[in-house]
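Okay, so here's the structure we're looking at.
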Protein chains: 2
Amino acid sequence: MANSPSGDSAIERLVRILETFSTDRTVQTAAEIGRRAGLPSSTAHRIVDDLVEAGLLERDEHHRVRLGMRLWELALRGSRALRLRQAALPFMERVQARLREHTQLAVLEQDEALFLERLSSPTSGANITRVAGRLPLHASSSGLVLLAYADADVVERVFAKPLQAVSPETITDAAVLRRALADVRRRGHVVAPGSIERVSTGVAVPVRDERGHVIAALSVVLPRDSGAEAAAIEELTAASAGITRTLGRRRE
Amino acid sequence: MANSPSGDSAIERLVRILETFSTDRTVQTAAEIGRRAGLPSSTAHRIVDDLVEAGLLERDEHHRVRLGMRLWELALRGSRALRLRQAALPFMERVQARLREHTQLAVLEQDEALFLERLSSPTSGANITRVAGRLPLHASSSGLVLLAYADADVVERVFAKPLQAVSPETITDAAVLRRALADVRRRGHVVAPGSIERVSTGVAVPVRDERGHVIAALSVVLPRDSGAEAAAIEELTAASAGITRTLGRRRE
DNA sequence: GGATGGTTTCCCATTCATCGGGAAACAGTC
DNA sequence: GACTGTTTCCCGATGAATGGGAAACCATCC
C-alpha cells in the first residue's frame, strides 16, 4: 500500500483483520477491528467497507460486522481441509457411535495442531478442542502423533522453544518428549493421560494419505480411568485405515 | 493499488484469485491463476507469493499452489457457517441414519443456495450437490425453501432474470414458481421431483433460528418413486426443530 | 542433444490508489 | 440532553504496487 508506515503488505493486513475474529468474538464494529488490528480508524473503516462489498464480511442489523459466508465458501472450494474432512467424516461417525466420546481430526499447521473436525459426545464433559481451533503439538494426543511423524524442521522448531505446560501433566521435558515421540512411532498410537485436562485421556492415531504420508491425527478423549483405551486404539486404527482407503479412491 | 488500469480494489482482485480455485481445480500454477483472474503474469506472481507468505495459499512439491489451511481456519473461526453446521450435524446424522439418503444443509447466499454440509448415502447414486457448492434457488428443493422465506429484494432479483432450466423438469415459469413458493409457505415443506435430476426427488424443510427467522434449508434426495416422501418430511421437520433448539442454547 | 512451450524470477520507472489526520454527523446510553 | 463511541466524509502527500520486458529456468518431446 502507498504510505503505510506500519510497513506491512495489504495481505498481512487482511490476515490481521480476519484474525480479530474468533469463536467468542464473532461480531465487532469496524472501529474495534481497527483497534485490534492496529489500524487507524478511518483506514479500518475503508477496508472493512471493501470487505463487506466483496462479501468476505457481512453486516448485521446494527451495522456491526462478522465473517461472511462467501469467505467460508472461497476458503473451502477445493481446499485440502474439505477433502480430508469429507473422507474422514463417515469413519469419525462410526468411532463416535461406538465409543460415544469426543472424536477429533487434526492436522499439522504452522507448528500447531489445527482441528478440522470434531464430533462431540453428548455424555462426556468439557470441549477443549474446537473446530478451527488449535493446540500445541506437545500438549495433546493429536499433537504428539502429528509431531512424531513431522518433518525434521518442525520438530526442531518445537524443541527450540520451551515446552509450555497446558495442564500439570503436560510433557515439558524435552527428553521425555523425545521418548514419547519414539514411542508413538513404534506403537503407531499414543495414549496421553492428562496432557490437557487432568480428568481425561487422549488417544490418537496417525492418518495416512494414499502414499503413506501422515497427514492428520485422529483422536478421542476418554474419561481418565474408563479402561476403554484398548478399544479406542482399535477403533481409531480401523477408522484411520478406512480414511486412507477413501482418499485413495479419486473423486468421492 | 497504484497504477491499476483494471480499476479494481486489491480485495476484489484477491477474491478473483480465490475464485479460480474449485473442487475440480485445486492446484494451479501462478501463471494459470493470473490468466484466469485476468492479471499480468508478473503481477500474479507477486501476489501469489504474498499469499503463500501469509499462509492463505500453500505450495505443493512442484511449486504449484493450492488453498491453504490457514485460509480455511481464518474463514471458519466464528463464522456463521460453522456455528450452524455444528448445530445441524447431529440432527443431519440422525436423518441420514434413518433414511439412508443424501442429506444436505443449505443457506441463501447471493441469490443462490449455498450448501454448507452434506452427508452422502452410500447406497444412493450421484452427488449433485457438494459442500461449498451452489445451485440456483428455483432449481432445487433447498432453493425453493430458501426462496419461499427470502426477503422481498431477493425474490425480486430472482424473478427479474429468466429462470434457467437445470433439468427438463425445472420450474421455468414465473407463475408456476410463485405458486410453488406459496405452497412451501403453506405446507412448511416442499417435495420437488426431478428439479435437478429426472431420477430423484428433493424434499426440503426450512430451518429457523431462535427468533423464528428462516436461516437455512434442510433436505434429502430420494429416488424418484421411493414412496418415502412422507417419512422424509417427518424426519426433516423433527430435525429442523432440533437444530432451532440447539441454536437457542448459547455456546454449544 | 537441442529445440520448444511454458513458467518463474528479476529489474525498474511511472503513477495513482492508498493512507490517515481531522472534523462533523450520527447513533446509542445513562 | 449531555456524553461516549462510532461512522462518514474530505483531501493532500506519498511511496508501494504495478506491469512491461528480458532473461533464467524447467520439463518434455523429437
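Numbered from 1 within each chain, the chains take letters A, B, ... in sequence-line order. As a basis for the values below, the full set of heavy atoms in this structure was taken, side chains included, without hydrogen atoms, waters or symmetry mates. Everything numeric in this text was worked out from a predicted model, so none of it was measured.
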- Item | d(CZ, R36(A); P, dG5(D)) in whole Å | 14 Å
- Message: Using the rule given for side chain to side chain donor-acceptor pair (under 3.5 Å), can you reason through R118(A) versus S120(A), listing the C-alpha separation, both sets of side-chain angles and the distance that settles it, and then say yes or no?
- Response: CA-CA 6 Å; R118(A) 73 165 289 136; S120(A) 302; 3.1 Å; yes
- Query: Do any side-chain nitrogens or oxygens of R46(B) fall under 4.0 Å of OP1 or OP2 in dC10(C)?
  - Reply: no
- For D49(B) and dC10(C), what is the distance between atoms CG and C1' respectively, to the nearest whole Å? 12 Å
- Item | Considering all heavy atoms, the nearest E58(B)-M69(B) contact | OE2-N, 3.0 Å
- Query: Across the strands shown, which category fits R35(A) at heavy-atom distances under 4.0 angstrom: base, sugar-phosphate, nothing?
  - Reply: sugar-phosphate
- In whole Å, what is the span from the CD atom of E12(A) to the P atom of dT18(C)? 17 Å
- For dC19(C), take OP1 and OP2 only and decide whether either is under 4.0 Å from a side-chain N or O of R13(A). yes
- Query: When you measure from the centre of the six-membered ring of F21(B), is the NZ or CZ of R36(B) under 6.0 Å away and within 45° of the axis?
  - Reply: no
- Task: Nearest whole angstrom, please: distance from the P of dG6(C) to the NE2 of H45(B).
- Result: 14 Å
- Query: Distance under 6.0 Å and angle within 45° of the ring axis: does R178(B) meet both against F159(B)?
  - Reply: yes
- Rounded to the nearest Å, what distance is computed from the CD atom of residue E61(B) to the C1' atom of nucleotide dC26(D)? 16 Å
- Within this structure, what is the CG-to-P distance between L14(B) and dT18(D), rounded to whole angstrom? 12 Å
- Nucleotide dT6(D), atom P - distance to CD1 of I47(A) in whole Å: 17 Å
- Just by modelled atom types, is the T170(A) backbone N or O under 3.5 Å from a matching donor or acceptor in the H138(A) side chain? no
- Message: Applying a 4.0 Å non-hydrogen cut-off, can you work out what S42(A) is touching in the nucleic acid: base, sugar-phosphate, or nothing?
- Response: base
- Can you tell me if the side-chain N/O atoms of T43(A) get under 4.0 Å from OP1 or OP2 in dG20(C)? yes
- How close or far is atom C1' of dC25(D) from atom NE2 of H63(B), stated in whole angstroms? 11 Å
- Note on the structure: Among the nucleotides dG20(D), dA17(D), dT6(D), whichever has the atom closest to the side chain of A31(A) is dT6(D)
